[in-house]
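Convention: sequence-line order gives letters A, B, ...; per-chain numbering from 1.
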Amino acid sequence: MTALAGGIPRMMRPTHHQNYPRGGYSLEVSTPLGQGRVNQLGGVFINGRPLPNHIRHKIVEMAHHGIRPCVISRQLRVSHGCVSKILCRYQETGSIRPGAIGGSKPKQTSTPDVDKKIEEYRRDNPGMFSWEIRDTLLKDGICDRNNVPSVSSISRTMRCKFGGGAGEDEEDDDEIEKRELEENERRAKHSIDGILGDRCK
DNA sequence: ATCGTGACGGTTGAA
DNA sequence: CGTTCAACCGTCACG
């Protein structure tokens with residue numbers, strides 16, 4: 001641990017390390033949704049998970065009323081770093097929702113160019129099969145035999161871009177939010193049901 | 001006193 | 001099915 005005599009690169013924090021005296025400082029509380037913890041301000045949070053929606057909402061609402069971030073932080077018991085982040089994001093994107101967690105990068109098996117071409121073929125001829133697209137890619141000289149994507153790769157690409165063919169409908173934040181709230185409630189209820197009378201299977 | 005920032009330990013979910 | 005791994009999370013502490 002002492003290994004970096006050579007000048008700590010201005011941004012390393014050898015001393016911090018989230019070193020709590022082991023055994024617990026960060027109180028643990030149980031919530032319907034998992035292991036909750038308590039931050040320095042006394043607020044409850046779940047490590048690794050986004051803040052609940054109503055808190056996020058409250059943060060932007062208070063900010064909207066001209067309340068300073070530091071006050072919001074103390075009042076809602078959310079770290080100022082988090083308040084700052086949520087507010088920043090809200091200003092940038094207009095959304096209070098957290099970013100998409102998890103999943104793999106849409107794997108770029110082909111170049112963007114090829115991807116574009118696939119989209120184009122598909123748009124011009126929606127009934128086209130993946131193997132036909134593959135053939136066309138070769139015929140048009142977009143790819144050669146060495147770098148042409150596999151048929152399954154092409155169908156994956158199309159699944160991603162076209163979502164299975166159905167038109168994508170954009171829901172506005174409110175709608176998503178509402179649905180999320182319901183889902184949360186349902187989930188919470190579920191786990192309570194599970195505790196009260198475990199009968200599923 | 002505030003607030004931007006990045007390390008950290010954590011969870012998630014498509015591939 | 002289980003595993004991988006890069007995305008995001010909020011907290012903490014520094015500056």
Provide the closest heavy-atom pair for A:S79 versus A:S73 in the form atom of the first, atom of the second, distance. C-OG, 3.7 Å

Which heavy atom in A:C82 sits nearest to a heavy atom in A:L51, and how many Å separate them? SG-CD2, 3.7 Å

Is the backbone of A:I46 close enough, under 3.5 Å, to the side chain of A:R37 for a donor and an acceptor to pair up by distance? no

Short side-chain N/O contact from [X] to OP1 or OP2 of [N], under 4.0 Å:
{"X": "A:S104", "N": "B:dA14", "value": "no"}
{"X": "A:Q40", "N": "C:dG10", "value": "no"}
{"X": "A:N39", "N": "C:dT11", "value": "yes"}

[X] has an atom [atom1]; how far is it from atom [atom2] of [N], in whole Å?
{"X": "A:I101", "N": "B:dG9", "atom1": "CD1", "atom2": "P", "answer": "19 Å"}
{"X": "A:R49", "N": "C:dT11", "atom1": "CZ", "atom2": "P", "answer": "14 Å"}
{"X": "A:N53", "N": "C:dC9", "atom1": "CG", "atom2": "P", "answer": "13 Å"}
{"X": "A:F45", "N": "C:dC9", "atom1": "CZ", "atom2": "P", "answer": "15 Å"}

Of all pairs that satisfy side chain to side chain donor-acceptor pair (under 3.5 Å), the ones with a partner from residues 124-145 of chain A, not counting sequence neighbours: A:Y121-A:D140

Any Lys/Arg nitrogen of A:K117 or A:E120 sitting under 4.0 Å from an Asp/Glu carboxylate oxygen of the other? yes

Contact residues, residues 80-87 of chain A to DNA chain B [heavy atom, < 4.0 Å]: A:H80, A:G81, A:S84

For a quick test of your reading: what N or O donor-acceptor pairs under 3.5 Å do the side chains of residues 54-72 of chain A make, sequence neighbours left out?
residue	atom	partner	partner atom	Å
A:R56	NE	A:I96	O	2.7
A:H57	ND1	A:E177	OE2	2.9

Nucleotide nearest A:R89 (side chain, heavy atoms from C-beta), chosen from C:dT11, C:dC9, B:dC3: C:dC9

